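Shown next, in structure tokens, is the structure this report addresses.
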Amino acid sequence: MLSSNEVVKWEWQPFNNNIVHNGQTLRIEASKVIKYQNSNQGYSFDLKLWKPFPFSANIGWNWHKSWNIPELECQLKIDNDFDHHILNTLTIVANLYIVKHNYDKMEMESIGCKGCPEGVFRNGISILRQLKFNTTSYKNEYQKFQIVVVISQINSSQQYVIDAKCSPYIFVDSRKHARQQALNNNIQLIIDPFLPENLDKEFVKKERKNQPKGLLKVDNTIQGLINYFTAPNIRHKIKHPLFLAIKFDKCVKLYLQRQNLVKNSKDIILKVQSILMKSNQERQYSDKGMALLFQIDQTNELEFKKVYEITQIFENDIFMLYTKQDQIPEDYIPIEETSRLKYYYKQLYPNLINQKSGVNYSSENQEEQPIIKQVTLNEKENENQIDTHLQIKQCQQQTQQQEDINNNQLINYKNQLSYYYNYQQQQQQQLLLLQQQQQQFQIQQQQWYNNMQQQLQQQQQYYMMQQYHRFY
């Protein structure tokens, strides 16, 4: 989190990724050399903005769609070519792309820009001017954009990428109040209590229209979390920390500062909502008192990059986000027993709505207001009933799992019986066929024997006739 006196520096970073532009995939892979007369020339490349982008602690670098993008000066120098003699004999161009992340394919998607995004180098300088953003961030699910500048050399109708750099993330809106409206909408998705049925709802991610049809399950894994926040069919994604900690408890962990830690799960829910409301009212509240840890495989670069991009859409000054456990301050304690949190949240949802509306509920030394159609129990009896309820639910889950196992075993047994039965049928059919072949062979042998006997008889008769004629 930035302090009030910390200065953020605009820095261009190397770019090496695919850009989908006008339906074509451009592979941006810099060669880092300039080709001249069958030799590779070293060079230096620099970018300068004639006017800086404004920076806000809430949303970072930002711009308006109606404003011209600051003029961008591209400077290119070849080593030991001070008068640009070599450079002026070559055709080298600078192309500008406005891109956003395509989370499904981990590519950059060009959103286009207004104006001419290409400039030819003259005396080592190419200036890109009179350009505007083509769309806004809040029309693209609050995504931030990046400016990518690609330097290419054209030689014999072939184009080679020399170098490429990208800007920091930029939030773009169209009106003065649009930025604050988008930010407020994002904050409301974080602090507003969510409907309890969302904890049991089975979400799915539907592919886009131009992709093959299919459904991706949003399960309790880091990939399920990625599917949830990248699903185009889930329009209003819940960013409440309790939702993330309960729905994705195997990959998201909720931490509270030690001084905010309370004794039971019911008070934890009320405390979390209280922290959210307080942080929303006091944006400069430096000590957030709450943090979320996204437990990811640090060796999986693709997974790490996706989760890092997901954390950027929260855009809040309410709680802290981490992807490494050793980065969490020592006085922050993890919250366990998410099954209790899930049970209590369904009970306390009316209280949370009232708390957001301005009715303060104290969970310590005060009796809770009775919930409609529920009997008021003392704390000890309530805890016992919760434990009993959870145990019954666990037993039901175990019973269901055992039934599933038994059903699978029965299905396997039936499959084996069917296999053996089919095998026996095949064997019998083969045996019957063999018997038929043997019978046919015996019949053929008998026919051959009969033919031979007949031929012998004919020969004997012929011989007898010959003898008879010779005698007479």
Side-chain angles (χ1 to χ4, degrees), residues 10-36 40-53 61 63-78 81 83-102 107-137 140 143-170 172:
W10 176 281
E11 293 184 352
W12 294 90
Q13 299 293 334
F15 182 85
N16 186 14
N17 201 345
N18 292 342
I19 297 180
V20 180
H21 180 69
N22 292 334
Q24 297 181 351
T25 301
L26 307 178
R27 177 58 185 169
I28 308 301
E29 188 172 0
S31 63
K32 298 296 183 181
V33 293
I34 296 177
K35 298 180 181 180
Y36 176 71
N40 295 330
Q41 303 290 327
Y43 68 92
S44 61
F45 173 49
D46 191 21
L47 295 173
K48 290 185 178 180
L49 286 172
W50 288 13
K51 178 182 178 181
F53 281 84
W61 303 103
W63 200 249
H64 287 280
K65 176 186 174 183
S66 59
W67 297 348
N68 285 335
I69 298 176
E71 294 187 1
L72 181 61
E73 181 178 322
C74 308
Q75 297 180 353
L76 188 64
K77 296 180 180 179
I78 296 180
D81 185 24
D83 55 357
H84 306 292
H85 171 71
I86 298 177
L87 193 60
N88 288 335
T89 61
L90 303 174
T91 303
I92 299 178
V93 297
N95 292 94
L96 184 143
Y97 300 91
I98 308 295
V99 299
K100 69 175 183 179
H101 278 278
N102 185 332
E107 297 176 334
M108 307 303 290
E109 180 181 347
S110 173
I111 60 173
C113 65
K114 296 180 180 179
C116 181
E118 181 177 291
V120 181
F121 279 89
R122 295 288 184 266
N123 296 324
I125 295 178
S126 177
I127 299 178
L128 302 174
R129 54 167 61 96
Q130 299 295 322
L131 300 176
K132 290 183 179 181
F133 287 98
N134 203 29
T135 184
T136 61
S137 292
N140 290 268
Q143 283 198 58
K144 295 182 177 181
F145 306 142
Q146 286 180 287
I147 299 175
V148 178
V149 179
V150 180
I151 307 301
S152 304
Q153 179 180 355
I154 301 176
N155 187 11
S156 300
S157 72
Q158 293 183 345
Q159 190 166 343
Y160 307 92
V161 176
I162 300 173
D163 208 334
K165 292 185 178 182
C166 64
S167 71
Y169 292 97
I170 306 169
V172 180

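Just so you know, these numbers come straight off a predicted model, no measurement behind them. Position 1 is the first residue of the sequence; numbering continues from there.
Residues Leu131 and Cys116 share a closest heavy-atom pair of CD2-O, 3.3 Å. Nearest heavy-atom pair across Val172 and Lys65 is CG1-N, 3.9 Å. Contact record, Ala30 with Ala164: CB-N, 4.4 Å, taken as the closest heavy-atom pair. When all heavy atoms of Ile28 and Val161 are compared, the pair lying nearest together is CG2-CG1, 4.3 Å. Closest approach of Trp63 to Pro52, counting heavy atoms only: CZ3-O, 4.2 Å. Closest approach of Cys74 and Leu47 over heavy atoms only: SG-CD2, 3.5 Å.
In terms of modelled atom types and a separation under 3.5 Å, the side chain of Asp81 and the main chain of Ile86 share a donor-acceptor contact. Checking side-chain atoms of Ser167 against main-chain N and O of Gln146 turns up no donor-acceptor pair under 3.5 Å.
A salt bridge (Lys or Arg N to Asp or Glu O under 4.0 Å) check over residues 27-36, counting only residues at least two apart or in different chains, returns the pairs Arg27-Glu29, Lys32-Asp163. For residues 109-121, the set of pairs meeting the salt bridge (Lys or Arg N to Asp or Glu O under 4.0 Å) definition, not counting sequence neighbours, is empty.
One finds the CG atom of Leu96 at 9.5 Å from the OG atom of Ser110 (value rounded to the nearest 0.5 Å). With values rounded to the nearest 0.5 angstrom, Leu49 atom CG is found 9.5 Å from Ile69 atom CD1. Note that CD1 of Ile111 and CZ of Phe145 are 4.0 Å apart. Values are rounded to the nearest 0.5 Å. With rounding to the nearest 0.5 angstrom, the OH atom of Tyr160 is 6.0 Å from the CG atom of Asn155. Taking NZ of Lys144 as the reference point, atom CD1 of Ile170 lies at 10.0 Å (rounded to 0.5 Å). If you take NE2 on His101 and CD on Gln143, they are separated by 7.5 Å, rounding to the nearest 0.5 Å.
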Problem set entry | Working for side chain to side chain contact (heavy atoms under 4.5 Å, CB included), residues Tyr36 and Gln153 | CA-CA 10 Å; Tyr36 176 71; Gln153 179 180 355; 6.0 Å; no
Exercise. Is there a side chain to side chain contact (heavy atoms under 4.5 Å, CB included) between Asn88 and Asn123 once you walk through the steps?
Worked result: CA-CA 6 Å; Asn88 288 335; Asn123 296 324; 2.9 Å; yes
For this session: Check the pair Ile127 / Trp50 against side chain to side chain contact (heavy atoms under 4.5 Å, CB included), numbers first and verdict last.
Result: CA-CA 10 Å; Ile127 299 178; Trp50 288 13; 3.7 Å; yes
Problem set entry | Test log, rule side chain to side chain contact (heavy atoms under 4.5 Å, CB included), inputs Thr135 and Asn140 | CA-CA 8 Å; Thr135 184; Asn140 290 268; 3.3 Å; yes
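In this structure the side chain of Ile19 reaches within 4.5 angstrom of the side chain of Val148, judged on heavy atoms. A 4.5 Å side-chain heavy-atom check between Trp12 and Ile147 finds at least one atom pair inside the cut-off. Under the 4.5 Å side-chain criterion, counting only non-hydrogen atoms from C-beta, Lys132 is in contact with Asn68. Using a 4.5 Å heavy-atom cutoff, the side chains of Glu11 and Gln13 are in contact.
Take Tyr97 and apply the ring-ring contact (aromatic ring centres under 6.0 Å, His included) test, not counting sequence neighbours, and it matches His21.
The side-chain contact (heavy atoms from CB on, under 4.5 Å) with Ile34 is formed by just one residue from the set Asn40, Ile151, Leu76; it is Leu76.
If you check the side chains of Tyr43 and Gln41, you find no donor sitting under 3.5 Å from an acceptor.
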